[in-house]
Every structure is written in structure tokens, then in C-alpha cells.
There are 2 protein chains.
Amino acid sequence: MRLVIAKCSVDYAGRLQAHLPLATRLLVVKADGSVLVHSDSLSYKPLNWMSPPCTLQSSEPDDEQREAGIVETWRVTHTKTADTLVVSIYEILHDSDHELGIDPGLQKDGVEAHLQKLLAEQIEVLGEGHRLIRREYMTAIGPVDILATDAAGASVAVEIKRRGDIDGVEQLTRYLELMNRDPRLAPVAGVFAAQEIKPQARTLAEDRGIRCVVLDYDAMRGIDDSHTRLF
Amino acid sequence: MRLVIAKCSVDYAGRLQAHLPLATRLLVVKADGSVLVHSDSLSYKPLNWMSPPCTLQSSEPDDEQREAGIVETWRVTHTKTADTLVVSIYEILHDSDHELGIDPGLQKDGVEAHLQKLLAEQIEVLGEGHRLIRREYMTAIGPVDILATDAAGASVAVEIKRRGDIDGVEQLTRYLELMNRDPRLAPVAGVFAAQEIKPQARTLAEDRGIRCVVLDYDAMRGIDDSHTRLF
DNA sequence: TGATACATGTCGGAA
DNA sequence: TTCCGACGTGTATCA
């Protein structure tokens, strides 16, 4: 990984066109060839970047560029899409290289997939007598997170979100509409399950006869024997 | 901006929990206090980060940590949400500080707005005899991208997307529902226009009687005389 | 390979 | 402040 602090201007042409006026910025060149351009604020997202696979070609300035004060030009080109990032360097204030090695990678806990797994294992959270039919039940317009049956044996379609927003209710509504046309499943009741359900989403769901269930992630994780706590 | 190359492990607890095992990584501390943790591959997105506003608190290791080889601990806490990022540093390989100043910011020239302008100018792309009424036609729930009339003089509402997703169909459906209640406009036909339309979105649109039109951005841009190519 | 949904999405604008 | 839509969204999963 190469770290460069430089006065530079940047031009990008690809899915859009963008220009960064002359200023001092951090340039990061990663081992895979990708390049990031960061300012000193606005976290997380670079001002500009090039994703791998790409190639960096450095070149000396021509007379006109030298006249303008440019000491070096980087042309970063995406291998497949031909997107191009051009960094015009006016002054290099820092330049260092570092061996980092490969990263073991991030371990996540608490995303939707995990919620779905936990709820499938603890389907009785939805009520006495509920039984799991299957996760990711396929329909023509996409997979329903969980299909189950209630104590009476009637179908229940469950949409799981980390944060229960109005979009999720719309999504479940589409599934329900479709599934209720299937005589093998109909009638299908809907359950909207989330760690947190926004008031608007709850109102819309209940207006459509969809039951809302707030999931206690920590409690469900606590019950899950197979889970090893990270902390 | 402070740049640190360090052997470290990282733990995040907030909207989810995540853990990074011991490895050598780049730590960036920006002027606004935000922290990025980057590996040497996977561009653009850090492995872990903390967005501003947040505070970084550095501390000496306790005996147990020192035993484990930790020489310093960073605790980065979000000011509002109490999300926490803990960086356990085992060895610092590089540490430098740089004054960057404020960045003049990115100038963008997007595709989305341009698509709308082009289609307004070339409204006949929708079919013979179509005429533009206006762009950004205002309704009670927001502006419709384009309102036009077809050869028979009937109203046509157009929703434009770069990528035609199911959300766009929902959006257009809401507009159509509202506009069809307006006797001066009704009946209003719907057109879903995008550079690329996803199969799911097409299915839903056609099920609702909405016509799908795939826009050829390059061809439309080629026809547009007013466009000056930047490259 | 292509399509689809998730994301600590982030970010910006308007009500 | 919340809501809503765009993003050079990126990325993993699954057919």
C-alpha cells in the first residue's frame, strides 16, 4: 500500500464525469491497484476512486503541464469498463510504501441473514404452534424470507428486516398478493418482523391486516446455543 | 489527517457487531475525528470506520492487555448514537500527521438529470406524435419526471431512471393513481423509461398496464447537438 | 454469468 | 428532524 499526500487535481470520466479542483489530498494506492482520493473530512467515502481491476500509469508532464506546475500525472484506467481517473500532481508532500499482507476479513454479527436464521430456529416467537415450512420460499417476484404455518395449519409469510420501514411492508404486500392467488397456499397471513418497526410502517401494515412482530435480537441470540458470543 | 500503519484488531458495536482479527492495516484519522480502517485490497469501502461526529480516546493498555501484546487502545465513540469502535494496537509501523486544509469539493455531472433533459428534447422516442407538456410536473406527492401527450392527445406520465428497479414502478404507480383522480388529466397512461429495466420491474409494470421503454443513452446523446463532449 | 436483495449502505434535498 | 430518492452505489448470494 502506497500512501501519498499531494497537492493535486483529479478528473474522473466513467458512469459520470467529475472534477476535483487543486487541493492537498491523501492518495492511497492499494496492492490490487485500486486508488482512493481522500480529503480531510467526510468520512468513509473517498472523494474519488478507482475500483479494481485497474492499472495505474504514471507519466512525466509535457511542456504545457510543466508550465502549469504539474510534476507528475497518474492515469488510472479500469480494465473492463475503460473508466478513467486522472490525477494531476503539483507537489508531493509525503510518499511512503507499506507491506500489509492479506487481511483475514471482517466478521459480522447482527445482519438480516442472522436474524432470519434465528427466527427460523425459534419460529415459535411468532406464536404457539407455529412451524417452519422453509426459509427463502421462492415466488415469481422473489423469495419470501420465511414461510411457516400457524397453529391452525394456515400459511404465514414472514418478511424480516433489521429496521422495519415502509418499503418492507410494500414488499410483503406484493408477496402476499401473489401467494394468495396460489390455491395451494391461500389464505396466506402476513407477518412483518423487525428489530425496530417505524410507526408509519406499523400503521400501514396493520391497515393491510399484516401482523407486526418486534424481534429482540439479544434475547434470541441468547437462546441460540450454537452462537458463540464475540464479546 | 493522521496516517497510521499498525498491527491491530478492531471491534465495532453499533447497528451491528463486527470484529477484525489481528492484521496489519491502515488507520486514517481525519480532521473531523472520523476514523477509517483500510486493508490493502477491496477499494473504496473501509473494513471498518466511524463517521463524524465522534471522539477518539487513546489509552494505555492495562496489565492484561499488555500481556496480550497490546501497546495502545483507541476507543472511538459516536457522539449521538453511542456506536463504538475499539482499535487494539499491537505494533505501530508508521505514524505521520499532515495538514490538508479544507477541500473545495467535488463537481459532478450526473447521468440521471441528463437523461431527463435528453428525453424531454427527444420526446418522440416514446412514439410518433408525442408532445412534451412539461418536465418535473408537480403533483401533491412530488414531481413527475415528464408529462406528455400521445398522438391522440391523451396524457402520459413518464418516470425516468438510470436503472429501472421495482421501486421506480411503485413510485410511478403512486403518481398515476393520484393523477387519474384529476379530471383535467385523466386518463393518464404510464411510461417507465430507463437505460436498463430489471425483469422484476418489467413484470410488475406490465401487470399494472405501465409501458416500459429502454433508453439508449449514447444514441440519445449522439443526436443531441447541444451536447459538447468533454473527451 | 446474470439477477436480486442487503448494506453499520451514504448522501443530499425537501417538507 | 424525518422522509424520500439517487448513487460511479458495492457486494454477496443464488438461480
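Being a predicted model, the structure only gives us computed values, none of them experimental. The sequence lines fix the lettering, A, B, ..., with proteins before strands; numbering per chain opens at 1.
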Has [X] got a side-chain atom pairing as donor or acceptor with [Y]'s backbone, closer than 3.5 angstrom?
X	Y	result
A:Asp40	B:Met1	yes
B:Thr84	B:Ala82	yes
A:Asp11	A:His19	no

Between [atom2] of [N] and [atom1] of [X], the distance in whole Å:
X	N	atom1	atom2	answer
B:Arg202	C:dG2	CZ	P	17 Å
B:Asp11	C:dT8	CG	C1'	14 Å
A:His114	D:dA12	NE2	C1'	17 Å
A:Glu170	C:dA5	CD	P	14 Å
B:His19	C:dT8	NE2	P	17 Å
A:Glu196	D:dT2	CD	P	11 Å
B:Lys161	D:dT9	NZ	C1'	14 Å
A:Arg174	C:dT4	CZ	P	12 Å

Indicate, with a heavy-atom threshold strictly under 4.0 Å, whether [X] touches base, sugar-phosphate, or nothing.
X	value
B:Asp167	nothing
A:Ile141	sugar-phosphate
B:Asp165	nothing
B:Lys80	sugar-phosphate

message: Please determine whether a side-chain nitrogen of the Lys or Arg among A:Asp165 and A:Arg163 lies less than 4.0 Å from a carboxylate oxygen of the Asp or Glu.
response: no
message: Using a strict threshold of under 4.0 Å (side-chain N to carboxylate O), is an ion pair present between B:Arg208 and B:Glu170?
response: yes
Span that lies between the C1' atom of C:dA7 and that of D:dA6, in whole angstrom: 15 Å
message: Measuring only the C1' atom in each nucleotide, how far is D:dC7 from C:dC6? A whole number of Å is fine.
response: 15 Å
task: Check the pair A:Tyr175 / A:Asp145 against side chain to side chain donor-acceptor pair (under 3.5 Å), numbers first and verdict last.
output: CA-CA 10 Å; A:Tyr175 289 135; A:Asp145 288 338; over 6 Å; no
statement: Per nearest nucleotide of DNA chain D, the residue lying toward the 5' end, B:Arg162 or A:Glu136, is B:Arg162
N/O to N/O distances under 3.5 Å, protein versus nucleotides 10-15 of chain C:
| from | atom 1 | to | atom 2 | distance (Å) |
| --- | --- | --- | --- | --- |
| C:dC11 | OP1 | A:Ser43 | O | 3.4 |

message: For A:Tyr175 and B:Leu47, find the nucleotide of DNA chain C closest to each by heavy atoms; which residue's nucleotide sits nearer the 5' end?
response: A:Tyr175
field: Which residue lies more 5' along DNA chain C, comparing A:Gly142 with A:Arg163 via nearest heavy atoms
entry: A:Gly142
OP1 or OP2 of D:dG8 under 4.0 Å from side-chain N/O of A:Gln17: no
- request: Name the orientation class of the two ring planes belonging to B:Trp49 and A:Tyr44 (parallel below 30°, tilted from 30 to 60°, perpendicular beyond 60°).
  value: parallel
field: A:Arg181 atom CZ: more than 12 heavy-atom contacts under 6.0 Å
entry: yes
Out of [options], which nucleotide sits closest to the side chain of [X]?
X	options	result
B:Gln171	C:dT8, D:dG5, D:dG8	D:dG5
A:Glu159	C:dC6, C:dT8, D:dG8	C:dC6
A:Glu112	C:dT8, D:dC3, C:dC6	C:dC6

